[in-house]
Amino acid sequence: MSDPIAPHSAPISAYMSVHAATNLAYVRYFANKDNAESASFESLNSRGFTVSYTLPGGVKEETFIEFKTPLTKREQIRPVLEEMAKEAESALGLPSSLSGPPPFAAIAKAAYASATDIYTPPEPPVPLDVYYPVPLRKAISVGIVIGLPALLGYASDASLAHAPFLLNLREEYALRGIMQSVFRILVVTHAAEAAGVLIACLRRGWYGPVNTLKWTISTFFFGFESWLLLRKHARQVHGESK
């Protein structure tokens, strides 16, 4: 699935690169780089934007600042960037740097950039709308961890007659009540993890309804193992890890 905002990166990034004060406020506030001395807007996509900045001693670095909610259309870009600028400058005690008519230099630079790809970010290295299933070995391990407390806590004596070792173990150590509590804790924990994954999927805006549902259900059943795969996908999208 192509990024709906990346094609507009060139003119927007060129325009914003002229607003040095705004870019510096972005970096100091959203990236927590209080000692940044200058900053320049580099590129943007539906998830956020990249700003390069200079630290004392001439050290140059980059940071990716995420939008609160992924953007889906061009008309959202300006209001979101302006709102973020106001938030950053207000928190830092700075005057608004985006008020007033647009500077001629910004307009000229945006017009030039429209004909080039200098500010256009590359496509993500991996697809956005994907789902990674938990490997079979790990799925079985999680199933044992959850299934054993359920079996010892809720199975009848007749059901465990074919597994006398488990039946004797439960009776000897009075495990029924303990295992029921353990199972309930596991269910509540996995439900909370699944809710967190659902929120993460919706906030990212990368996944369609089917894959969002898959991630959520997988996390409910397999918990942390599925959450790790979701986190791995985010790192891959940002080019941090394969």
Side-chain angles (χ1 to χ4, degrees), residues 1-4 30-32 45-48 64-72 123-242:
M1 185 175 73
S2 61
D3 190 295
F30 291 107
N32 296 315
N45 56 37
S46 62
R47 295 173 285 111
F64 183 80
I65 300 172
E66 292 191 7
F67 298 130
K68 293 179 180 179
T69 303
L71 307 185
T72 59
E123 285 292 313
V126 296
L128 295 179
D129 188 14
V130 297
Y131 162 71
Y132 296 161
V134 175
L136 180 60
R137 181 182 301 178
K138 292 184 177 181
I140 292 175
S141 298
V142 175
I144 293 174
V145 170
I146 296 177
L148 189 58
L151 188 63
L152 291 174
Y154 293 97
S156 65
D157 291 346
S159 299
L160 289 180
H162 300 292
F165 170 74
L166 293 178
L167 180 59
N168 293 334
L169 182 67
R170 182 172 72 179
E171 292 178 350
E172 182 176 354
Y173 294 99
L175 293 178
R176 182 187 290 273
I178 296 174
M179 290 297 101
Q180 288 178 354
S181 297
V182 170
F183 179 73
R184 286 195 293 266
I185 291 173
L186 289 172
V187 170
V188 171
T189 300
H190 279 220
E193 290 173 337
V197 163
L198 174 61
I199 293 172
C201 288
L202 295 176
R203 289 195 62 182
R204 287 178 184 177
W206 304 341
Y207 312 105
V210 173
N211 281 330
T212 297
L213 184 62
K214 286 181 178 179
W215 280 115
T216 304
I217 294 176
S218 175
T219 305
F220 178 74
F221 283 106
F222 304 114
F224 190 67
E225 294 295 343
S226 184
W227 180 86
L228 285 177
L229 292 173
L230 185 70
R231 184 170 181 268
K232 174 185 177 182
H233 179 236
R235 292 175 62 85
Q236 289 176 332
V237 170
H238 292 296
E240 299 176 11
S241 171
K242 293 293 182 183

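Scope of the values below: all heavy atoms of this structure, side chains included, with no hydrogens, waters or symmetry mates.
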Main-chain N/O of Val130 paired to Trp215 side chain as donor or acceptor, under 3.5 Å: yes
Asp157 side chain vs Leu160 backbone, donor-acceptor pair below 3.5 Å: no
Exam field: side chain Arg170 to backbone Met179, donor-acceptor pair closer than 3.5 Å: no
Side chain to side chain contact (heavy atoms under 4.5 Å, CB included) assessment of Tyr154 paired with Gln180: CA-CA 7 Å; Tyr154 293 97; Gln180 288 178 354; 3.7 Å; yes
Closest heavy-atom pair and its distance - Ala155, Ser159: CB-CB, 4.3 Å
Option from Ile146, Ile185, Thr219 for which side-chain contact (heavy atoms from CB on, under 4.5 Å) with His190 holds: Ile146
Reported CD-to-CG distance for the pair Gln236 and Leu128, which is rounded to 0.5 angstrom: 11.5 Å
Point-to-point distance, once rounded to the nearest 0.5 Å, from CG of Asp3 to OG1 of Thr72: 10.5 Å
Shortest non-hydrogen contact between Thr216 and Ala194, atoms and distance: O-CB, 3.6 Å
Interatomic spacing from CG in Leu167 to CG in Leu152 - rounded to 0.5 Å: 9.5 Å
Any side-chain heavy-atom pair of Asp129 and Val210 under 4.5 Å: no
Side chain proximity check, Ser226 to Val197, heavy atoms < 4.5 angstrom: no
Nearest-0.5 Å distance, OH of residue Tyr131 to CG of residue Leu213: 10.0 Å
OH on Tyr207 to CG on Leu230, rounded to 0.5 Å: 4.5 Å
Side chain to side chain contact (heavy atoms under 4.5 Å, CB included) between Val134 and Val142, worked out: CA-CA 10 Å; Val134 175; Val142 175; 5.9 Å; no
Euclidean distance, Arg231 CZ relative to Phe224 CZ, rounded to 0.5 Å: 8.0 Å
Smallest separation among heavy atoms of Phe67 and Ser46, with atom names: CD1-O, 3.4 Å
